[in-house]
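Quick notes on the structure that follows.
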Amino acid sequence: MSAAPAALNLAKSPPLDLPMRHFAAAAVAFWVFAAAFALGTDRLLGFGFQAKWSLGLVHILTLGWITMTIFGAICQLSAVLWETPLAWPDAARWAWWAFILGLSGFVGELWLGGNRYWIAAVLLVGSVAVYLACFARTMILAPRLDWTARHLAVSIACLAAVIALGLMLAWDRERGVLFHDPQGALIAHIHLALVGWVSLTIVGVSYRLVSMFALAHVDSKTPGRLALALALAGLAGLALDGLFFGRRLLPLWACLLASAYASYAWQMRHIFSARNRRIDPALAYTLLALAGGAVWAALGVGLAFGLLRDDTSVLAAYIYAALVGWATPFILGQVHKITPFLVWLHLFASRPWTAKSPPPKMTELASEKLAWAEFSAMIPAIALGLAGLLRESQPLLRAGSLFLLATATLYAAGTGLTLSFLVREGAWTQTSAPR
Amino acid sequence: MDADKRAALMALNSVIDPEVGLDVVTMGLLYGLDVTPASVDVRLTLTSQGCPLGPTIIKMAREALEGIAGDRAVNIELDWTPPWSPAMLSQEGRRQLMP
């Protein structure tokens with residue numbers, strides 16, 4: 001038995017604007033990506049991975065949408081998961097501006113065909129370095145790091161490697177002196193990002209959040225531990241092989257990574273089997289992400305073993321499965337839970353309540369119908385997009401891109417409604433200290 | 001059950017976990033309730049030790065009990081033994097969560 005930790009977590013939460021400004025910017029980036037994708041489907045079939053347009057498209061999604069959302073979530077999760085306030089929140093707020101400016105300049109210059117994307121890239125890298133310093137300092141100060149935090153510690157280290165390698169690739173793009181196998185270095189960069197940064201973050205967070213949202217208690221963590229070990233072995237092998245050893249053992253690394261995914265999926269199966277709640281949009285999105293991740297893993301094994309043709313359309317399908325099929329539905333699902341939680345925490349948690357005037361439930365703070373509509377558009381967006389890329393079919397790809405644009409539009413509309421509600425309530429910069 | 005204890009239970013019935021949508025009694029979070037002339041003593045648990053809404057639920061329970069306690073002191077203690085599990089959900093709670 002222990003005494004109640006009076007308002008421990010509330011006092012350590014950052015001001016509401018810190019996570020919310022990240023979610024808002026991420027929603028805009030997701031919409032810009034979806035709109036550019038829909039407008040430029042004719043450029044995607046048969047594109048070159050070094051083409052500036054596709055480089056811009058990938059980075060608006062990976063940095064603007066996925067990374068920005070993860071950064072915003074970590075700003076908040078540090079307080080509730082590790083009982084430690086985010087270190088240097090003002091630095092994180094400035095880093096947000098630098099990140100936005102850097103990413104806008106970087107992608108804008110790529111899309112306009114310019115060669116000065118370097119300048120913006122340096123600003124972008126500087127902002128990420130500030131974020132990484134904030135997160136690392138927070139973890140050092142935390143009294144204990146849970147299973148989720150250990151995943152995040154690894155994924156943050158991977159992000160540092162992604163950024164360093166990306167900067168070297170950008171510098172070397174027209175010089176060709178740093179890497180004897182630029183394609184291998186690009187493969188290392190892509191997988192450090194997709195597996196090391198994005199996927200390990202998702203996997204670590206899912207053990208905590210999905211089991212909490214599903215009201216499922218699972219005792220065995222063995223499949224999850226195995227998944228982490230296999231993923232680290234596969235990722236390290238793939239990155240080193242791509243950078244230094246001429247990509248000789250790609251099938252082995254692909255098998256390790258696919259096994260890691262299978263082990264993770266097995267752990268998630270336990271969670272869903274033990275769930276005590278109906279499937280809501282957040283859990284439905286998680287199931288969709290698990291399906292997308294399975295397609296991604298299968299495509300990776302197929303490419304590594306030469307079972308699929310190694311051309312840009314299949315490679316694009318591989319990247320699409322990872323970013324749009326796996327990462328995006330998972331993020332959408334969690335944010336549909338995190339945003340109402342934040343609003344409730346900052347607006348309602350500190351108010352005195354009576355039985356006659358109870359506080360609202362979190363489900364009353366967001367439209368479930370809007371979330372289901374968004375989810376319904378996401379399924380064909382993934383399926384048709386993948387089919388369009390694999391079959392090199394322009395009509396299928398265009399249809400998939402339009403569904404994705406519908407998803408992004410609905411999501412941006414939902415985010416906009418939440419933001420306008422917060423501004424009306426005067427809660428934008430409010431801390432969660434008692435009123 | 002005496003009237004004071006029933007009133008305390010009714011008060012706790014009004015404390016809703018805002019994420020799950022169920023009250024703490026239906027959730028099976030109430031481990032003990034004792035009403036004496038001097039105090040209202042409650043042992044509560046949370047769905048997990050890192051439950052982000054834990055402190056808020058405790059605050060809401062305290063406010064609800066203070067509404068019926070009169071001059072009595074309200075003591076709320078967190079009890080982690082046994083750890084909460086979904087098996088502790090009441091039948092009604094189960095029905096509402098998995099219709």
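A, B, ... follow the sequence lines: proteins, then strands. Residue 1 opens every chain.
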I want to check something: taking the side chain as every heavy atom from C-beta on, are [X] and [Y] in contact at a cut-off of under 4.5 Å?
X	Y	value
A:F341	B:L53	yes
B:L97	A:R278	no
A:M212	B:E19	no

message: So, taking the atom named CG in B:L22 and the one named CZ in A:R277, what distance separates them when rounded to the nearest 0.5 Å?
response: 8.0 Å
query: Atom OG1 of B:T56 and atom CZ of A:F348: how far apart are they, to the nearest 0.5 Å?
result: 13.0 Å
query: Do other residues, nucleotides or ligands put more than 12 heavy atoms under 6.0 Å from A:W372 CH2?
result: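 Correct, the count exceeds 12.
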- prompt: Which atoms form the tightest heavy-atom contact between A:N276 and B:P86, and what is the distance?
  reply: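 Smallest interatomic distance, heavy atoms only, reads ND2-CB, 2.8 Å.
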message: Which atoms of B:L89 are under 4.5 Å from chain A, going by heavy atoms: the side chain, the backbone, both sets, or neither?
response: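 Side chain only.
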message: Counting only non-hydrogen atoms closer than 4.5 Å, does A:R208 touch chain B with its backbone (N, CA, C, O), its side chain (CB onward), both, or neither?
response: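 Interface part for A:R208: side chain.
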message: Under the criterion side-chain contact (heavy atoms from CB on, under 4.5 Å), I'd like the reasoning laid out for B:V20 against A:K361: C-alpha separation, chi angles, the key distance, then a yes or no.
response: CA-CA 8 Å; B:V20 179; A:K361 295 173 190 167; over 6 Å; no
